[in-house]
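For reference, the structure is listed below as structure tokens.
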There are 2 protein chains.
Amino acid sequence: MNELEKRQFEEMARISKALAHATRLYILHKLDEQEYCVKELTELIGADISTVSKHLTILKNAGIINDEKRGNCVYYRLICRCVLEMFSCMTGVIETNKSRMNDL
Amino acid sequence: MNELEKRQFEEMARISKALAHATRLYILHKLDEQEYCVKELTELIGADISTVSKHLTILKNAGIINDEKRGNCVYYRLICRCVLEMFSCMTGVIETNKSRMNDL
DNA sequence: TGCCTATTTGGCAAAATAGCCAAATACTGT
DNA sequence: ACAGTATTTGGCTATTTTGCCAAATAGGCA
């Protein structure tokens with residue numbers, strides 16, 4: 001792994017780390033439907049609002065979502081729906097596993 | 001997030017957590033070319049062999065790679081190339097970020 | 001201004017992850 | 001059986017991540 005590769009894979013790891021949490025995947029899933037503010041997501045998730053805010057900050061810093069303040073609220077949105085392709089990739093892995101299980 | 005959703009997103013998180021490391025992404029990248037044994041990957045990566053072995057175990061437990069013992073060595077292989085679609089997804093996010101940066 | 005709601009930040013403790021070393025295990029060839 | 005190579009496992013410390021609470025910040029409205 002040379003220096004260039006190292007930088008490239010670390011940059012990709014920044015993205016994949018941001019995705020490495022069930023709550024954050026769920027947030028992306030919801031944001032695919034429509035934008036939501038922190039309060040609304042908090043109710044959907046059922047965790048402390050500060051926890052949700054921190055999850056959102058992680059996704060934002062990874063460049064996956066962005067936010068817009070309107071009045072009292074901060075609304076979050078997907079920047080690029082390409083993240084969601086990863087959902088089908090993950091589902092693909094899971095399904096492959098299940099069918100392998102059945103083969104045993 | 002109801003119970004079913006919770007289980008689904010936690011299962012996906014199992015996969016995404018396995019990908020959330022530069023070294024493991026690099027391993028997958030190499031395994032896409034050909035199979036490699038632990039020793040060979042260790043040399044490519046430049047870490048302790050026990051560290052590499054543990055990374056491989058994580059990927060294996062996530063159902064992303066499998067192994068085959070031949071003689072003295074254990075060879076690892078991708079189970080399903082669908083993981084690699086995630087590379088292009090991540091690259092997509094990175095590129096989107098870069099062009100957003102340029103727009104500022 | 002003062003109060004209310006929404007959000008972020010700081011701080012902390014618990015849990016999870018990473019990476020090394022040393023020891024254990026497994027296979028090869030003598 | 002023994003020596004040598006490859007791999008995994010156990011144990012340890014250091015680092016990172018998580019999630020809560022409390023406090024700080026910001027906007028809306030009376």
Side-chain angles (χ1 to χ4, degrees), chain A residues 1 5-7 9-28 30-31 34-77, chain B residues 1 5-7 9-28 30-31 34-77:
Chain A
M1 192 151 51
E5 282 178 322
K6 193 165 176 176
R7 241 178 300 131
F9 286 102
E10 255 150 29
E11 190 156 22
M12 283 206 277
R14 270 190 33 243
I15 313 289
S16 61
K17 276 174 204 279
L19 301 174
H21 196 288
T23 301
R24 292 196 291 269
L25 294 176
Y26 178 73
I27 288 172
L28 296 178
K30 296 308 284 183
L31 293 184
Q34 58 171 89
E35 62 173 25
Y36 281 103
C37 72
V38 185
K39 176 101 189 308
E40 291 167 330
L41 287 170
T42 299
E43 280 157 12
L44 287 165
I45 291 163
D48 193 275
I49 194 169
S50 70
T51 301
V52 175
S53 174
K54 280 176 183 173
H55 281 307
L56 289 164
T57 301
I58 289 167
L59 290 168
K60 184 179 157 188
N61 288 340
I64 297 169
I65 61 177
N66 61 21
D67 60 344
E68 187 189 348
K69 182 146 197 166
R70 288 207 302 280
N72 218 358
C73 302
V74 178
Y75 288 90
Y76 283 88
R77 258 196 306 270
Chain B
M1 193 150 49
E5 282 178 320
K6 193 166 177 174
R7 243 179 300 133
F9 285 102
E10 255 151 27
E11 190 156 23
M12 283 206 277
R14 269 191 32 244
I15 313 287
S16 61
K17 275 175 206 279
L19 300 174
H21 196 287
T23 301
R24 293 197 289 270
L25 294 176
Y26 178 73
I27 289 172
L28 296 177
K30 296 309 283 184
L31 293 184
Q34 57 171 89
E35 62 174 23
Y36 282 103
C37 71
V38 185
K39 175 104 189 309
E40 292 166 330
L41 288 170
T42 299
E43 281 157 11
L44 288 166
I45 291 163
D48 193 275
I49 192 167
S50 70
T51 301
V52 175
S53 175
K54 281 176 183 173
H55 281 307
L56 288 164
T57 302
I58 289 168
L59 290 168
K60 184 179 157 187
N61 288 339
I64 297 170
I65 62 177
N66 61 21
D67 59 346
E68 186 189 348
K69 181 147 198 165
R70 287 205 303 279
N72 218 357
C73 302
V74 179
Y75 289 90
Y76 282 89
R77 260 195 305 270

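Just so we're on the same page: letters track the sequence lines, and every chain starts at 1. Keep in mind the model is a prediction, meaning the values are calculated, not measured.
C/dT7 atom C1' lies 10 Å from atom CG of A/Leu56, rounded to whole Å. Atom NZ in A/Lys60 sits about 8 Å away from atom P in C/dT9, given to the nearest Å. We find that CD1 of A/Ile49 is positioned 19 Å from P of D/dT18, with the value rounded to whole Å. The CD-C1' distance, from A/Glu10 to C/dA18, rounds to 13 Å in whole Å. What separates CG of B/Leu59 from C1' of C/dA18 is a distance of 14 Å, to the nearest Å.
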For this session: List the protein contact pattern of nucleotides 24-30 of chain C with one symbol per nucleotide (5' to 3'): B for base contact, S for sugar-phosphate-only contact, - for none; contact means a heavy-atom distance under 4.0 Å.
Result: --BBS--
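Listed by chain and residue number, nothing satisfies the side chain to side chain donor-acceptor pair (under 3.5 Å) test with A/Tyr26 (two or more places apart in sequence, or in another chain). For A/Lys60, the side chain to side chain donor-acceptor pair (under 3.5 Å) partners two or more places apart in sequence, or in a different chain, are A/Asp67. In this structure, the salt bridge (Lys or Arg N to Asp or Glu O under 4.0 Å) partners of A/Arg77, at least two apart in sequence or on a different chain, are A/Glu35, A/Glu68. Residues passing the side chain to side chain donor-acceptor pair (under 3.5 Å) test with B/Thr42: none are found, sequence neighbours excluded. Taking the side chain to side chain contact (heavy atoms under 4.5 Å, CB included) definition, one finds that B/Asp48 meets it with B/Ser50, B/Thr51, sequence neighbours left out. Under the side chain to side chain contact (heavy atoms under 4.5 Å, CB included) criterion, A/Ala20 pairs with B/Ser16, B/Lys17, B/Ala20, not counting sequence neighbours. For A/Lys39, the side chain to side chain donor-acceptor pair (under 3.5 Å) partners at least two apart in sequence or on another chain are A/Glu43. In this view, B/Lys6 and B/Met1, B/Glu3, B/Glu10 satisfy the side chain to side chain contact (heavy atoms under 4.5 Å, CB included) rule, not counting sequence neighbours. Legend: residues meeting side chain to side chain contact (heavy atoms under 4.5 Å, CB included) with A/Ile58, ordered by chain and number and at least two apart, are A/Ala18, A/Arg24.
Dashed line: the shortest gap from a side-chain N or O of A/His21 to OP1 or OP2 of D/dG19 is under 4.0 Å.
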Give me, pair by pair, the N or O atoms of the protein and of nucleotides 21-23 of chain C that are less than 3.5 Å apart, along with how far apart they are.
from   : atom 1 : to      : atom 2 : distance (Å)
C/dC21 : OP2    : B/Asp48 : OD2    : 3.3
C/dC21 : N4     : B/Ser50 : OG     : 2.9

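A heavy atom lying under 4.0 Å from DNA chain D marks the following residues of residues 36-46 of chain B, by number: B/Cys37, B/Val38, B/Lys39.
Between the CD1 atom in B/Ile45 and the OG1 atom in B/Thr23 there is a gap of 6.0 Å [rounded to 0.5 Å].
Within the nucleic acid shown, A/Tyr76 comes within 4.0 Å of sugar-phosphate atoms alone, with no base atom in reach, counting heavy atoms only.
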